Amino acid sequence: MAECHTQNKAKLVSETRRRFEADYVTDKSEKYDPRDVERLQQDDNWVESYLFWRHHNVDETLKMLDESFQWRKEMSVNDLTESSIPRWLLEIGGIYLHGYDKEGNKLFWIRVKYHIKDHKTTLDKKKLIAFWLERYAKRENGKPVTVMFDLSETGINSIDMDFVRFIINCFKVYYPKYLSKMVIFDMPWIMNAAFKIVKSWLGPEAVSLLKFASKNEVQDYVSVEYLPPHMGGTDPFKYSYPPLVDDDFQTPLCENGPIASEDEASSKEDLESDGKETLETISSEEQTALLKKINVTEHTSKAEENEKVDSKMKAFKKPLSVFKGPLLHISPAEELYFGSTESGEKKTLIVLTNVTKNIVAFKVRTTAPEKYRVKPSNSSCDPGASVDIVVSPHGGLTVSAQDRFLIMAAEMEQSSGTGPAELTQFWKEVPRNKVMEHRLRCHIVESSKPTTLTLKDNAFNMSDKTSEDLYLQFANSSRESDFSTP
């Protein structure tokens with residue numbers, strides 16, 4: 001059944017590509033960005049997102065692609081950067097990404113009170129929407145967002161139906177399958193008529209994604225930790241620019257406790273500045289300890305640590321999904337699978353494989369550093385070699401689908417050392433455009449459905465065949481679930 005579904009999907013993707021090239025690109029090539037045309041031929045998920053939104057009707061999908069691609073060229077979407085947006089628009093904090101809903105979807109905030117209807121600034125505001133959505137789509141390919149339409153303290157002058165319609169079209173045509181839901185918070189009664197029109201724009205296939213919420217109801221969709229105080233939440237976040245607001249990844253715990261003390265400001269600077277990064281400072285005592293664990297030139301170094309991990313994992317089936325980056329292949333590709341609270345503490349594995357001819361430095365960061373222990377979290381990988389990174393929940397804290405991990409990697413010179421001091425200096429000096437980044441989401445597996453992506457001390461002797469069967473069963477069900485979400 002699943003195999004048949006996969007074959008049908010591949011057939012539709014192939015037909016869509018062939019017909020778009022023959023029926024549209026041949027006659028309208030100047031209306032499209034060549035980069036979009038090329039991506040359509042290479043990115044199966046992108047084609048599928050359009051097919052899904054058009055109920056796998058190829059004719060309707062082709063019309064949608066034509067409209068979407070023309071818009072992308074007109075807006076120069078592939079070339080949008082911070083410098084494309086007026087600074088005052090970025091500073092005002094009316095549109096940004098921050099936090100997650102209860103399902104782990106990123107929150108896309110639209111603070112309507114900061115929007116004043118003005119046809120002179122409409123294009124710039126549309127570019128800002130496109131900038132954030134394109135930035136997100138490139139990082140989290142296929143993962144939906146929840147739009148938080150915050151109407152608190154909003155007056156009639158802030159309601160711009162043309163702008164609202166543009167936002168709707170972004171998810172209906174330009175970024176299909178990216179809308180998890182749209183939460184309309186604290187809508188004044190005077191706007192009831194306006195949002196009846198919005199429902200008609202969404203259409204029957206998406207109107208169910210529109211959620212009207214008061215202060216009491218909004219917590220049905222977003223937990224208090226990601227809601228601002230005016231929504232009844234406890235999130236201390238205050239918008240500011242620069243830098244761009246984004247996931248606040250921080251250094252996790254190593255197996256023996258914290259390896260860094262790093263405040264929020266330096267963490268944001270680490271991730272968002274276009275210049276150089278600042279790595280955590282560590283004491284000389286910690287350096288000595290880390291030298292024994294990390295420095296490949298020492299006899300009791302990385303190889304010894306890897307042996308300890310390998311000895312525990314001889315019977316463990318490695319994750320099957322792989323993200324193929326330019327420096328590292330990372331497995332699993334998208335999600336880390338953890339056991340539920342009832343099943344006890346479980347570990348999960350990240351496997352990094354160096355596909356370059358040079359040493360690659362890497363570090364692991366997370367949005368919830370207090371929850372996890374990571375070993376190793378800051379090290380290097382030799383050419384052609386693999387490193388197993390063990391991630392485990394810490395202190396009885398609960399794994400959440402909202403948690404994220406960031407793998408950062410950069411190629412080192414052959415003559416560079418790989419001890420703590422050398423790595424610290426390397427991360428300070430490496431140019432931002434030389435750093436590869438890859439994000440991983442967290443997924444909680446119910447205790448009744450263990451997979452090979454979770455490690456438990458008493459389960460290392462599971463047979464390879466059983467492990468692989470369980471993993472494939474879960475992976476297939478997960479993929480089917482992904483296709484059912486618009």
Side-chain angles (χ1 to χ4, degrees), residues 85 88-116 125 128-129 131-133 135-136 140 143-160 163-164 167 171 178-191 195 198 209-250 263-265 267-269 271-272 366-371 397-398 400-404:
I85 313 299
W88 70 267
L89 260 182
L90 293 168
E91 289 176 342
I92 201 170
I95 301 167
Y96 56 89
L97 289 162
H98 171 70
Y100 301 91
D101 70 7
K102 287 187 173 180
E103 297 172 328
N105 301 310
K106 191 75 176 175
L107 299 180
F108 187 34
W109 291 88
I110 300 175
R111 304 290 303 279
V112 181
K113 73 174 185 178
Y114 294 118
H115 177 83
I116 302 299
K125 290 171 183 174
L128 180 57
I129 293 283
F131 166 75
W132 276 118
L133 289 178
R135 178 182 171 88
Y136 176 81
E140 299 271 4
K143 182 71 175 174
V145 297
T146 290
V147 177
M148 297 296 289
F149 223 94
D150 184 3
L151 290 165
S152 59
E153 303 177 45
T154 298
I156 196 67
N157 290 336
S158 297
I159 299 301
D160 182 347
F163 188 57
V164 172
I167 295 170
F171 292 104
Y178 271 93
L179 182 62
S180 167
K181 54 189 161 292
M182 182 178 289
V183 179
I184 312 298
F185 177 76
D186 202 17
M187 187 182 74
W189 66 269
I190 198 172
M191 298 178 189
F195 274 87
V198 171
L209 305 179
L210 206 59
K211 312 292 182 183
F212 293 88
S214 64
K215 192 172 183 177
N216 293 329
E217 296 163 333
V218 72
Q219 292 178 29
D220 293 341
Y221 309 109
V222 183
S223 60
V224 292
E225 65 180 307
Y226 285 121
L227 287 175
H230 75 273
M231 290 186 175
T234 59
D235 189 357
F237 168 80
K238 292 187 183 299
Y239 182 90
S240 64
Y241 175 85
L244 282 173
V245 175
D246 207 343
D247 294 316
D248 187 16
F249 287 97
Q250 300 177 44
D263 62 26
E264 183 177 348
S267 176
K268 287 183 179 178
E269 180 184 358
L271 278 170
E272 298 301 340
T366 177
T367 55
E370 73 284 353
K371 287 187 181 181
L397 295 171
T398 304
S400 170
Q402 300 166 345
D403 299 339
R404 296 289 191 275

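Note that the structure is predicted; figures quoted are calculated from it, not measured.
A salt bridge is absent between Lys211 and Asp220: the closest approach of a Lys/Arg side-chain nitrogen to an acidic carboxylate oxygen does not fall below 4.0 angstrom. Salt-bridge annotation for Lys371 and Asp403: present, with a side-chain N of the basic residue lying under 4.0 Å from a carboxylate O of the acidic one.
Taking CG from Asp101 and OH from Tyr226, the interatomic distance works out to 10.5 Å, rounded to the nearest 0.5 Å. Of the inter-residue distances, the one linking Asp186 atom CG with Lys215 atom NZ reads 9.5 Å to the nearest 0.5 angstrom. Rounded to the nearest 0.5 angstrom, Lys125 NZ and Ile92 CD1 are separated by 8.0 Å. Rounded to the nearest 0.5 angstrom, Arg135 CZ and Leu133 CG are separated by 12.0 Å. Separation of atoms CZ (Phe237) and CD (Glu225) is listed at 14.5 Å; rounding is to 0.5 Å. Between atom CZ of residue Arg111 and atom CZ of residue Phe185 there is a gap of 9.5 Å, rounded to the nearest 0.5 Å.
Side-chain contact check for Ile129 versus Phe163: some heavy-atom pair is nearer than 4.5 Å.
By the side-chain hydrogen bond (donor to acceptor under 3.5 Å, both in side chains) test, Gln219 is found to be paired with no residue, residues two or more places apart in sequence or in another chain being considered. Remark: Tyr221 pairs with no residue by the ring pair (Phe, Tyr, Trp, His ring centres under 6.0 Å) rule, at least two apart or across chains.
The six-membered or imidazole ring of Phe108 lies away from that of Tyr178, with a centre-to-centre distance of 6.0 Å or more.
Side chain of Tyr136 to main chain of Lys143: a donor-acceptor pair is present (N/O by atom type, distance under 3.5 Å, no hydrogens or angles). Using modelled atom types, no side-chain atom of Thr146 and backbone atom of Leu107 make a donor-acceptor pair closer than 3.5 Å. Panel note: side chain Ser223, backbone Lys102; no donor-acceptor pair is recorded below 3.5 Å.
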* To do: Evaluate the criterion side-chain hydrogen bond (donor to acceptor under 3.5 Å, both in side chains) for residue pair His98 and Asp235; output intermediate values, then yes/no.
  => CA-CA 11 Å; His98 171 70; Asp235 189 357; 2.8 Å; yes
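A side-chain donor from one of Ser152 and Asp150 sits under 3.5 Å from a side-chain acceptor of the other.
For the side chain to side chain contact (heavy atoms under 4.5 Å, CB included) with Phe149, the lone residue among Thr154, Val183, Ile167 that qualifies is Ile167.
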